[in-house]
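All heavy atoms count here, side chains included; hydrogens, waters and symmetry mates do not. Lettering of chains follows the sequences in order, A, B, ..., and the numbering in each one begins at 1. Since this is a predicted model, take the numbers as computed values, not measurements.
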There are 2 protein chains.
Amino acid sequence: MDCASAIESFLAYLRDHNLPVTAQRQAIAEVVLCSDRHVSADDIERELWARGAAVGTATIYRTLDVMVRSGLVVERDFGEGFRRFEPARDEPNHEHVICTVCGRVVEFRDERLDRMTMLIAEQHDFVRSRHKLVIEGVCGVCRGTRNEERGSAI
Amino acid sequence: MDCASAIESFLAYLRDHNLPVTAQRQAIAEVVLCSDRHVSADDIERELWARGAAVGTATIYRTLDVMVRSGLVVERDFGEGFRRFEPARDEPNHEHVICTVCGRVVEFRDERLDRMTMLIAEQHDFVRSRHKLVIEGVCGVCRGTRNEERGSAI
DNA sequence: CTCATTGCAAAGGATTTGCACTAAT
DNA sequence: ATTAGTGCAAATCCTTTGCAATGAG
């Protein structure tokens with residue numbers, strides 16, 4: 001699903017649920033759904049401010065809530081002390097590799113992992129709802145450069 | 001390594017580094033190192049209070065810092081909004097299954113996982129430092145009982 | 001005696017909430 | 001007109017820090 005149709009889906013979700021379609025919600029949706037990064041609430045706020053369409057912090061969090069509930073956005077916690085959000089893509093379950101230097105996040109999928117975690121949960125008498133795998137390391141860029149360049153999250 | 005010798009190792013670490021061995025540090029070490037759970041700072045504070053040896057919050061965090069630096073304690077973040085700590089066991093790298101109802105944590109090891117994450121990191125031009133896998137699900141107890149019983153974290 | 005630790009309270013960052021005000025339907 | 005959303009500031013939660021008092025070596 002591309003960015004434009006994701007936004008349309010979100011607006012449709014709002015209408016379907018009798019939730020007002022406000023300028024703020026559209027602006028936030030654009031930032032989150034059109035980003036190929038894993039953005040934090042702060043990233044969103046900063047980006048909207050830069051675009052000259054500043055939105056209150058509370059509204060950003062409240063809108064992220066709605067977007068997560070709509071299923072169009074997925075919440076992530078990489079143990080950084082804050083949450084990140086990414087557009088839900090068609091891929092059902094994917095994992096993350098995160099660079100401990102610049103914070104860059106790369107995604108990958110592995111079907112074996114899905115099966116493995118399901119089995120492991122069973123072995124311990126758990127019914128698995130989901131799993132989260134994060135691989136930490138240093139990316140090629142950060143190993144090469146002397147860390148002069150550190151990516152922004154937008 | 002058992003609980004008593006883990007405590008002894010910690011005290012040795014303090015002496016080796018010319019750090020004062022205080023009653024508070026010993027009390028905190030006992031709670032953390034002798035627990036088979038993954039305790040939070042709050043769990044520790046509550047437990048010490050219950051034992052009649054209350055210790056200030058700041059001291060608990062500061063001591064946890066020292067214990068992590070000593071390598072005898074490992075810090076975990078399960079995305080709950082706070083950190084948990086567990087004694088570092090001999091096993092090098094292990095994963096966690098956490099019950100989304102009662103918070104119970106079960107550990108397991110899988111060598112394949114270690115190899116897999118190493119390879120996956122390589123494929124994306126990352127040098128892996130470590131990985132974190134958390135499987136979320138509902139444990140047998142919480143599926144059976146109607147959630148009357150919810151484990152404490154100590 | 002000297003220097004690190006302790007405890008308390010204040011400060012911090014991320015997130016949530018109360019409430020008067022504004023805007024969508 | 002209703003009803004919900006918005007922004008601001010205050011409040012929360014977990015964690016850290018400043019600082020005077022305390023204790024270990």
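- Applying the 4.0 Å criterion to OP1 and OP2 of D:dG5, one finds that A:Thr63 has every side-chain N and O outside that range.
- Using a 4.0 Å cut-off between charged side-chain N and carboxylate O, A:Glu75 and A:Arg69 make no salt bridge.
- In the interface, the side chain of B:Arg15 is not paired with the base of D:dG25 through any donor and acceptor atom under 3.5 Å apart.
- Distances shorter than 4.0 Å separate some side-chain N or O of B:Arg83 from OP1 or OP2 on D:dT16.
- Using a cutoff of 4.0 Å between basic side-chain nitrogens and carboxylate oxygens, A:Arg15 and A:Glu8 are scored as salt-bridged.
- With rounding to whole Å, A:Leu14 atom CG is found 19 Å from C:dA23 atom P.
- Place B:Thr57 and A:Val55 on DNA chain D by their nearest nucleotides, and A:Val55 ends up nearer the 5' end.
- As judged by a 4.0 angstrom heavy-atom cut-off over every strand, A:Tyr61 is placed among the base-contacting residues.
- Rounded to a whole Å, the CG atom of B:Asp43 is 11 Å from the P atom of D:dT15.
- A straight line from CG of A:Asp42 to P of C:dG13 spans 11 Å, rounded to a whole angstrom.
- Nucleotide C:dT5 holds its P atom 14 Å from the CE atom of B:Met67, rounded to whole Å.
- A salt bridge does not link B:Arg109 with B:Asp114: none of the charged nitrogens is closer than 4.0 Å to a carboxylate oxygen.
- In terms of position on DNA chain D, the residue among B:Asp65 and B:Val21 whose nearest nucleotide sits closer to the 5' end is B:Asp65.
- For the pair A:Phe82 CZ and C:dT16 C1', the computed distance is 18 Å after rounding to whole Å.
- A donor-acceptor distance shorter than 3.5 angstrom exists from the side chain of B:Ser9 to the backbone of B:Ser5, with no hydrogens or angles considered.
- A straight line from CZ of B:Arg46 to C1' of D:dC13 spans 13 Å, rounded to a whole angstrom.
- The side chain of A:Ala58 has D:dA9 as its nearest neighbour among D:dA9, D:dG5, C:dT15.
- Between A:Asp77 atom CG and C:dA14 atom P there is a gap of 13 Å when expressed in whole angstrom units.
- Distances shown here put a side-chain N or O of A:Gln24 below 4.0 Å from the OP1 or OP2 atom of D:dG7.
- With respect to A:Arg115 and A:Asp110, no salt bridge is recorded, no charged nitrogen being found less than 4.0 Å from a carboxylate O.
- Among the atoms of the strands shown, only primed sugar atoms or phosphate atoms (P, OP1, OP2) are found under 4.0 Å from some heavy atom of B:Arg25.
- The backbone N or O of A:His38 lies less than 3.5 Å from a partner atom in the side chain of A:Arg84, making a donor-acceptor pair.
- Between B:Cys34 and B:Cys3, the two SG sulfurs come within 2.5 Å of each other, short of that mark.
- Classification of the A:His124-B:Phe108 ring pair by plane angle, with boundaries at 30° and 60°, yields tilted.
- Paired runs in DNA chain C that reach 3 or more consecutive Watson-Crick or G-U pairs, where each pair keeps both distances under 3.5 Å, cover C:1-25 with D:1-25.
- For D:dG23, neither phosphate oxygen OP1 nor OP2 lies less than 4.0 angstrom from any side-chain nitrogen or oxygen of B:Thr22.
- For B:His17 and C:dT5, the NE2 to P distance is 13 Å, given to the nearest whole Å.
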